[in-house]
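The structure appears below as structure tokens.
What you are looking at is a predicted structure, and each value in this text was computed from that prediction instead of being measured.
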Amino acid sequence: MEKESKKAVVLLSGGLDSATVLAIAQAKGYECHTMSFDYGQRHRAELVAAECVSRSSGAKTHRMMEMNMHAIGGSALTDDSIDVPVSGVDKENIPVTYVPARNTIFLSYALGLAEVLQADDIFIGVNAVDYSGYPDCRPDYIAAYEKMANLATKAGIEGHKMHIQTPLIDLTKAEIIQAGVKLGVDYSKTVSCYQADENGAACGICDSCRLRKQGFKHAGVDDPTIYAPNR
């Protein structure tokens, strides 16, 4: 009898990290079901990128979930009154690009889908090395969420333990890119910029663009990012 394939829900933002996570999950033999979020962020280019990456990678399904975190605000990514920082990465303080409770909400949606699909694994591209200012990217947070997930679900109670997979958490941006290149990730399809234009062209100066540029440079890989002129 043919063995049933193992399934995973992969959170896919459309950016560099999540595209790499999807490739890693597929390389591990998972049937991948991707999920992205229209949560009130500054642009939709990353959502277009997420769908493109999911489709081109051969993911089994892709879902785009809608929610209005813009109504909550409190972040440069969801509140138009807060400017996106362009002066360089501040590793001493929690950045204004931190979106309150975002990963907790995203993981909760992924957890619900995982139960429905009878998937034991959720992959998320959190990273605690290059950009450690986000409290919901720390290993302690992931461990606590996984414990909660197994207490709060029918699957967990019945012994089907849920696992939150974070394959990038201890990698530098350069190491992430090198891993992705080996797996054939086409980074030209990804959008990482916090304030990309409607075509996905990057500003080149926000914190995310700076980290991405630096990552390609240190990885010794040509940067395929399209940058908007005069920005």
Self-check item: Connected via hydrophobic side-chain network under 4.5 Å: Leu107 and Tyr134
Solution: yes

Self-check item: Minimum side-chain heavy-atom gap His218-Thr172 below 4.5 Å
Solution: no

Quiz item: Any donor and acceptor pair, going by atom type alone, linking the side chain of Asn127 with main-chain N or O of Leu171 inside 3.5 Å?
Solution: yes

Quiz prompt | Distance, nearest 0.5 Å, that separates CZ of Arg55 from NZ of Lys189 | solution = 9.0 Å

Self-check item: Closest contact, heavy atoms only, Gly14 versus Ala49
Solution: O-CB, 3.7 Å

Quiz item: Is a side-chain N or O of Lys213 found less than 3.5 angstrom from the main chain of Gly204, in a donor-acceptor match?
Solution: yes

Exercise. Could you check if a side-chain atom of Ile82 sits within less than 4.5 angstrom of a side-chain atom of Ser75, using non-hydrogen atoms only?
Key: no

Quiz item: Roughly how far apart are Asp223 CG and Cys209 SG, rounded to 0.5 Å?
Solution: 9.0 Å

Quiz item: Do Thr153 side-chain atoms and Asn150 backbone N/O form a donor-acceptor pair below 3.5 Å?
Solution: no

Practice problem: Please lay out, stage by stage, how Met35 and Met65 fare under the test side chain to side chain contact (heavy atoms under 4.5 Å, CB included). | Solution: CA-CA 7 Å; Met35 179 178 281; Met65 315 304 295; 3.8 Å; yes

Quiz item: Counting only N and O atoms by type, is there a donor-acceptor contact under 3.5 Å from the side chain of Thr34 to the main-chain atoms of Thr61?
Solution: yes

Exercise. Please test Lys154 against Glu158 for side chain to side chain contact (heavy atoms under 4.5 Å, CB included), starting from the C-alpha separation and ending with a verdict.
Key: CA-CA 6 Å; Lys154 179 175 181 287; Glu158 292 180 346; 3.0 Å; yes

Practice problem: Decide side chain to side chain contact (heavy atoms under 4.5 Å, CB included) for Gln165 and Ile24; before the verdict, give the C-alpha distance in whole Å, the side-chain angles of both, and the deciding distance to 0.1 Å. | Solution: CA-CA 10 Å; Gln165 304 269 9; Ile24 290 172; over 6 Å; no

Quiz item: Are Met67 and Ile124 in one and the same hydrophobic cluster, where Ile, Leu, Val, Met, Phe, Trp and Tyr link if side-chain heavy atoms are under 4.5 Å apart?
Solution: yes

Quiz item: Using the ring of each side chain (for Trp, its six-membered ring), is Phe37 parallel, tilted or perpendicular to Phe106, with breaks at 30° and 60°?
Solution: parallel

Exercise. Using the side chain to side chain contact (heavy atoms under 4.5 Å, CB included) rule, take Glu175 and Asp170 through it: C-alpha gap first, then chi angles, then the decisive distance, then the call.
Key: CA-CA 9 Å; Glu175 288 171 336; Asp170 294 321; over 6 Å; no

Self-check item: Sub-4.5 Å side-chain heavy-atom contact between Lys161 and Glu146
Solution: yes

Quiz prompt | Closest non-hydrogen atom pair, Tyr194 against His43 | solution = O-CD2, 3.5 Å

Exercise. Can you measure from CG (Asp197) to OH (Tyr227) and round to the nearest 0.5 angstrom?
Key: 13.0 Å

Exercise. Identify the heavy atoms of Thr97 and Leu77 that sit nearest to each other, and give their distance.
Key: O-CD1, 3.6 Å

Practice problem: Could you tell me the separation between the NE2 atom of His62 and the SG atom of Cys32, rounded to the nearest 0.5 Å? | Solution: 13.0 Å

Quiz item: If Ile, Leu, Val, Met, Phe, Trp and Tyr residues are connected whenever their side-chain heavy atoms lie under 4.5 Å apart, and connections chain through other members, are Met64 and Val116 in the same group?
Solution: no

Practice problem: Verify the distance criterion only: is there a donor paired with an acceptor across the side chains of Ser192 and Ser208 at less than 3.5 Å? | Solution: no

Quiz prompt | Approximate separation, where rounding is to 0.5 Å, of Leu11 CG and Phe123 CZ | solution = 11.0 Å

Exercise. May I ask you to say whether Arg44 pairs ionically with Asp38, meaning some side-chain N is under 4.0 Å from a carboxylate O?
Key: yes

Quiz prompt | Heavy-atom check, side chain of Thr78 versus side chain of Arg102, under 4.5 Å | solution = no

Quiz item: Gln195 and Cys203: which non-hydrogen atoms are nearest, and at how many Å?
Solution: NE2-SG, 3.5 Å

Quiz item: Any side-chain heavy atom of Asn103 within less than 4.5 Å of one from Ile142?
Solution: no

Quiz item: Would the number of heavy atoms belonging to other residues, nucleotides or ligands and lying under 6.0 Å from CG of Asp222 be above 12?
Solution: no

Quiz item: Do side-chain atoms of Thr20 reach the backbone of Leu16 as a donor and acceptor pair under 3.5 angstrom?
Solution: yes

Self-check item: Gap between atom CZ of Arg63 and atom CG of Leu113 - 0.5 Å precision
Solution: 4.5 Å

Exercise. With the side chain counted from C-beta on, respond yes when Tyr145 and Ser108 share a heavy-atom pair under 4.5 Å apart, and no when they do not.
Key: yes

Self-check item: Whether over 12 other heavy atoms sit under 6.0 Å from Lys28 NZ
Solution: no

Self-check item: Common cluster, Ile122/Tyr141, ILVMFWY with side-chain heavy-atom separation under 4.5 Å
Solution: yes

Quiz item: Where do Ala155 and Met162 come nearest, in terms of heavy atoms and distance?
Solution: CB-CE, 4.0 Å

Self-check item: Heavy-atom side-chain proximity of Ile177 to Arg212 below 4.5 angstrom
Solution: no

Practice problem: Please name the pair of heavy atoms, one in Arg42 and one in Asp79, separated by the smallest distance, quoted to 0.1 Å. | Solution: NH2-O, 3.6 Å

Quiz prompt | Side chain proximity check, Leu12 to Glu51, heavy atoms < 4.5 angstrom | solution = no

Quiz item: Is there a chain of hydrophobic side chains (I, L, V, M, F, W, Y, each step under 4.5 Å between heavy atoms) that links Leu168 to Tyr30?
Solution: yes

Quiz prompt | Donor-acceptor side-chain pairing of Tyr187 and Thr225 below 3.5 angstrom | solution = no

Quiz item: Is Ile226 atom CD1 crowded by more than 12 heavy atoms from other residues, nucleotides or ligands, each under 6.0 Å away?
Solution: no

